[in-house]
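Since the structure comes first, as structure tokens, the remarks are kept for the end.
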2 protein chains.
Amino acid sequence: MRASDTAYAALRDDILQWRFPPGTAFAEVEQANRLSISRTPIREAFARLTAEGLLVALPGRGLVVSELSRSTIVELFELRIVIESEAARLVALRRDRDVFEQLRAEFADAAALLDNGDDLGEYYALVARLDAAMDEATNSRFLLGAIRQLRPHLVRARRLARDNHARLVAAAGEHLTIVEAIVDGDDQLAADATAVHLRKSLKNILDSVDGATTTTAMNNS
Amino acid sequence: MRASDTAYAALRDDILQWRFPPGTAFAEVEQANRLSISRTPIREAFARLTAEGLLVALPGRGLVVSELSRSTIVELFELRIVIESEAARLVALRRDRDVFEQLRAEFADAAALLDNGDDLGEYYALVARLDAAMDEATNSRFLLGAIRQLRPHLVRARRLARDNHARLVAAAGEHLTIVEAIVDGDDQLAADATAVHLRKSLKNILDSVDGATTTTAMNNS
DNA sequence: GACCGCAATTCTGTATACAGAATGAGGGGA
DNA sequence: TCCCCTCATTCTGTATACAGAATTGCGGTC
């Protein structure tokens with residue numbers, strides 16, 4: 001693997017896992033020393049992270065980890081809701097029925113995974129498989145590209161949410177509705193059910209954010 | 001200005017103006033010599049163009065200018081229609097009324113600009129001002145980012161379209177409907193009128209593409 | 001005549017040196 | 001005591017050298 005890929009992956013993970021909270025300043029030499037590579041691949045990694053919006057260039061102040069304020073999260077979902085709803089609509093029209101039939105069966109049993117003690121790994125893996133199947137079936141490069149662009153920010157946002165058991169059960173039900181609509185080829189239902197799911201997810205995140213009296217992570221600018 | 005910015009702007013313009021048609025291979029040394037700078041800023045420019053999707057990395061074959069096939073144009077509009085409709089909806093709710101009142105008056109007189117001989121510069125400038133005002137009023141960073149991501153590809157696609165006078169007059173009317181809806185704060189009309197306008201624009205481009213028996217530019221993969 | 005292998009050329013990826021710009025601290029003057 | 005100017009430090013931007021990988025072309029062999 002190239003050194004620039006390694007640096008990109010390491011820095012990206014550091015940001016997504018909140019090891020570098022918003023506002024952290026990045027300097028080339030510092031990170032080059034830390035990762036034991038030269039400045040050249042670091043520069044490339046910085047460029048990719050800046051293009052993704054995880055880093056922002058403060059004029060005269062270098063690169064800092066971007067903020068993730070309440071309003072940013074709202075704007076994130078303003079875009080996410082419209083494009084993922086449209087993606088779901090297209091998937092309902094274009095999907096391989098067998099693939100989603102299988103996923104439907106798995107989501108029908110998802111409640112068991114959620115009662116599986118504290119190990120939600122299997123459930124999250126199932127959601128990831130659904131996402132991957134939808135990416136595959138969307139078959140629209142720009143739509144997919146826009147979704148991919150949002151994902152790193154969503155990963156950060158999700159860490160602000162408190163997922164309680166009730167919310168997870170509800171979310172699993174929402175997913176099941178979406179998958180059923182896709183299996184049935186009901187594109188309008190797939191789109192609307194996706195919008196419902198995402199609006200509820202947003203509400204859950206915002207409730208967590210607003211409930212938090214003070215965290216270093218939040219910056220309600 | 002930085003050398004990497006110069007290189008990026010030059011290469012981007014070369015691609016958008018079809019001086020480098022799809023499939024053209026890019027090598028670092030070659031472009032560094034052509035633009036009389038070293039490979040370092042060229043690498044940064046390549047990275048930005050690749051992130052935008054104007055260049056694609058063919059494994060083992062270097063970077064080439066991305067294709068713009070019929071299906072790519074369709075996929076481009078699949079995304080464009082949903083996000084620009086949503087943007088128009090938000091603008092109708094968030095706009096500064098005076099700004100769009102002014103634009104409404106200008107679009108009401110747009111027919112005169114279109115009869116202004118072959119100089120359509122003023123009309124295109126008016127459309128550009130509308131785009132800028134909408135970008136400003138959208139006030140949603142991710143939505144705006146997604147639109148910006150599409151623009152370079154739209155510039156390329158537009159060069160494939162044959163804009164006849166009738167189409168331009170119709171488009172001006174569609175724009176007027178959109179601006180009126182925004183002035184009135186009618187978000188649903190603004191969204192639907194935008195979708196209508198973009199679907200007609202797509203149809204116009206596809207008619208031009210399909211009408212072209214053979215051009216070196218097209219690659220119907 | 002065709003296919004396989006080797007060698008040379010070329011390209012990318014990385015490291016590093018150097019120059020110019022900007023920032024921050026420290027000292028001097030008002 | 002506060003403000004401004006200057007100098008030093010540090011950072012980014014660029015050039016370039018070097019190494020490893022890959023491709024292409026040529027030659028030999030089957």
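Per chain, numbering begins at 1; letters A, B, ... match sequence-line order. The basis for the numbers below is simple: all heavy atoms, side chains too, and nothing from hydrogens, waters or symmetry mates.
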Practice task
Starting at the 5' end of nucleotides 14-19 of chain D, put B wherever the base has a protein heavy atom under 4.0 Å, S where only the sugar-phosphate does, and a dash everywhere else.
Solution key: BBBB--

Handout entry: Polar contact flag, side-chain donor to acceptor under 3.5 angstrom, S71(B)-S69(B)
Key = yes

Problem - Set of residues satisfying side chain to side chain contact (heavy atoms under 4.5 Å, CB included) with respect to E136(A), sequence neighbours excluded - result: none

Problem - Interface residues of residues 45-52 of chain B with DNA chain D (non-hydrogen, below 4.0 angstrom) - result: none

Fill in the blank from the handout: F26(A) atom CZ is separated from dT12(D) atom C1', nearest whole Å, by 17 Å

Fill in the blank from the handout: By salt bridge (Lys or Arg N to Asp or Glu O under 4.0 Å), R89(A) pairs with (sequence neighbours left out) E86(A), D187(A)

Completion exercise
In whole angstroms, the gap separating C1' of dG13(C) from OH of Y8(A) amounts to 19 Å

Table of protein N/O atoms under 3.5 Å from nucleotides 21-23 of chain C N/O atoms:
none

Handout entry: ring-ring contact (aromatic ring centres under 6.0 Å, His included) pairs, two or more places apart, involving residues 75-104 of chain B
Key = none

Handout entry: salt bridge (Lys or Arg N to Asp or Glu O under 4.0 Å) partners for R129(A), two or more places apart
Key = E106(A)

Problem - By salt bridge (Lys or Arg N to Asp or Glu O under 4.0 Å) - contacts of R94(B) (at least two apart) - result: E78(A)

Practice task
Could you tell me the separation between the CG atom of L63(B) and the P atom of dC11(C), rounded to a whole number of Å?
Solution key: 13 Å

Handout entry: Listed partners of E44(A) passing salt bridge (Lys or Arg N to Asp or Glu O under 4.0 Å), at least two apart
Key = R43(B)

Just list the side-chain donor-acceptor pairs under 3.5 Å for residues 19-26 of chain A, sequence neighbours left out, or say none.
residue : atom : partner : partner atom : Å
R19(A)  : NE   : D14(A)  : OD1          : 2.8
R19(A)  : NH2  : D13(A)  : OD2          : 2.8
R19(A)  : NH2  : D14(A)  : OD1          : 3.1
T24(A)  : OG1  : P21(A)  : O            : 2.5

Exercise for the section: Apply ring-ring contact (aromatic ring centres under 6.0 Å, His included) to F107(A) and list each qualifying residue two or more places apart in sequence or on a separate chain. Expected result: H175(A)

Practice task
If a pair satisfies salt bridge (charged side-chain N to carboxylate O under 4.0 Å, His left out) and one of its residues is in residues 149-158 of chain B, list it, with sequence neighbours excluded.
Solution key: D135(B)-R151(B)

